[in-house]
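Everything below concerns the one structure shown next.
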2 protein chains.
Amino acid sequence: MTTGSHRAAPEHTHPDDVPVLTALAALADPVRLTLVRELAGSAAWTRSCGSFDVPVGKAALSHHFAVLRGAGLVEQRDEGPRRVNRLRRPEFDARFPGLLDLVLRDDEPS
Amino acid sequence: MTTGSHRAAPEHTHPDDVPVLTALAALADPVRLTLVRELAGSAAWTRSCGSFDVPVGKAALSHHFAVLRGAGLVEQRDEGPRRVNRLRRPEFDARFPGLLDLVLRDDEPS
DNA sequence: GCGAGTGTATGGTTTTCATCGAACACTCGG
DNA sequence: CCGAGTGTTCGATGAAAACCATACACTCGC
């Protein structure tokens with residue numbers, strides 16, 4: 001019986017269980033949008049939560065990741081002391097085709 | 001000199017001038033989502049502002065339409081005493097391909 | 001020119017949400 | 001076993017946004 005004391009694994013929501021409104025609300029925030037974009041530019045499982053360049057404290061950051069998880073946008077795994085992330089591109093694309101493409105490739109209007 | 005006293009024409013924003021964040025925020029609200037969907041199901045210029053089935057008062061409704069205009073989602077024209085609406089599908093699709101399709105054809109997860 | 005119908009603007013209330021500081025949990029290397 | 005590093009949770013604060021009720025503006029039929 002390896003009852004090993006582990007940290008509680010983060011709760012994940014599959015994109016298939018996510019209402020559109022939740023997905024849109026998750027992406028309609030400048031900080032989270034930055035996280036998603038930066039995450040899309042890195043290989044899976046290579047970025048820990050603290051490695052993102054956003055102007056908010058740890059607490060807020062943690063909250064934002066919880067929202068992204070709840071929207072099926074991000075998957076997290078504990079790796080030693082840090083929590084590493086992966087953008088759930090294929091699953092999310094299957095549920096909301098084109099949405100990620102939109103927010104990723106967008107250039108702001110001149 | 002026909003200085004005719006007309007009502008101020010509503011200010012419109014073309015989708016090309018709309019940042020993604022604004023578009024997402026506009027759609028990430030249950031009332032506005034209903035408006036867009038109901039509007040998509042009707043012919044252009046056939047729906048006045050008051051003809052939508054949403055559980056808010058006139059003032060809030062007026063505000064929501066202002067947000068939709070500002071996001072390049074809706075065009076309005078004064079027709080007698082009422083203000084009729086049109087969903088700017090082609091323009092908005094050109095700026096954000098697939099986004100409207102997504103919010104329109106979506107079925108909530110079981 | 002009234003009065004009904006329709007929409008906007010204003011002012012104020014309530015709710016929601018992003019944020020922070022501080023305290024706590026876990027992992028790992030000395 | 002301690003201390004540094006990392007992330008979550010809690011409580012509180014502040015800002016943004018949705019909302020309502022009221023008052024105002026415009027159009028039209030009578």
Side-chain angles (χ1 to χ4, degrees), chain A residues 2-13 19 21-36 39 45-71 73-86, chain B residues 2-12 19 21-36 39 45-71 74-86:
Chain A
T2 66
T3 44
S5 83
H6 292 304
R7 183 166 15 177
E11 276 188 22
H12 287 101
T13 306
L21 243 155
T22 305
L24 293 174
L27 292 170
D29 174 277
V31 174
R32 289 191 290 266
L33 202 45
T34 300
L35 294 179
V36 168
L39 208 43
W45 308 123
T46 61
R47 304 291 302 270
S48 70
C49 291
S51 73
F52 292 84
D53 187 24
V54 285
V56 296
K58 300 192 304 177
L61 191 54
S62 183
H63 167 253
H64 282 304
F65 272 107
V67 173
L68 291 178
R69 278 201 315 268
L73 274 160
V74 162
E75 188 179 3
Q76 299 186 308
R77 169 202 302 175
D78 285 339
E79 209 162 85
R82 65 183 119 248
R83 185 159 283 190
V84 289
N85 301 276
R86 171 182 89 86
Chain B
T2 66
T3 44
S5 83
H6 290 306
R7 184 167 14 181
E11 276 188 22
H12 286 101
L21 243 156
T22 305
L24 293 174
L27 292 170
D29 174 279
V31 173
R32 288 193 290 266
L33 201 45
T34 301
L35 295 179
V36 167
L39 208 44
W45 309 121
T46 62
R47 304 291 302 269
S48 70
C49 292
S51 73
F52 292 85
D53 188 22
V54 285
V56 297
K58 299 192 305 177
L61 190 55
S62 183
H63 168 252
H64 282 303
F65 272 107
V67 173
L68 291 178
R69 278 202 314 269
V74 162
E75 187 178 3
Q76 298 186 310
R77 168 200 303 176
D78 286 340
E79 210 162 84
R82 65 184 119 252
R83 185 159 283 191
V84 288
N85 302 275
R86 171 183 90 86

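Below, read A as the first sequence line, B as the second, and so on, with proteins coming before strands; counting in each chain starts at 1. From a predicted model like this one, the values you see are computed outputs, not experimental measurements.
- Looking at the side chain of B:Arg83, the nearest of the listed nucleotides C:dT8, D:dC26, D:dG7 is C:dT8.
- In this structure, A:Asp78 atom CG and D:dG7 atom P are separated by 9 Å, rounded to whole Å.
- In this structure, A:Lys58 places its NZ atom 15 Å from P of C:dC26, rounding to the nearest Å.
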(request) Any chance you could list the contact pattern along nucleotides 11-19 of chain C? Use B for base contacts, S for sugar-phosphate-only contacts and - for none, protein heavy atoms under 4.0 Å, 5' to 3'. (result) -------SB
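- The closest side-chain heavy-atom distance from A:Arg82 to A:Cys49 is not below 4.5 Å.
- Looking at heavy atoms from C-beta onward, B:Trp45 lies out of side-chain contact with B:Asn85 at the 4.5 angstrom threshold.
- Of all non-hydrogen atoms in A:Ala71 and A:Ala26, the two that sit nearest each other are CB-CB, 3.5 Å.
- Remark: P of C:dT6 and CG of B:Asn85 are 14 Å apart, rounded to the nearest angstrom.
- A:His12 and A:Arg69 are not linked by any side-chain donor-acceptor pair at a separation below 3.5 angstrom, with hydrogens and angles left out of the test.
- Protein atom CD of B:Gln76 is 17 Å distant from nucleotide atom P of D:dC26, rounded to whole Å.
- When the side chain to side chain donor-acceptor pair (under 3.5 Å) test is applied to B:Arg86, the partners found at least two apart in sequence or on another chain are B:Glu75, B:Glu91.
- A:Asp29 and B:Leu21 get closest at one heavy-atom pair: N-CD2, 3.7 Å.
- The CZ atom of A:Arg7 sits 13 Å away from the C1' atom of C:dC24 (whole-angstrom rounding).
- One can place CD of A:Glu79 at 15 Å from C1' of D:dG5, the figure rounded to the nearest angstrom.
- Residue B:Arg69 contributes atom CZ, which lies 13 Å from atom C1' of C:dA9 at whole-angstrom precision.
- Between the CG atom of A:Leu61 and the C1' atom of C:dC20 there is a distance of 13 Å, given to the nearest Å.
- OP1 or OP2 of D:dT6 has not a single side-chain nitrogen or oxygen of A:Ser48 nearer than 4.0 Å.
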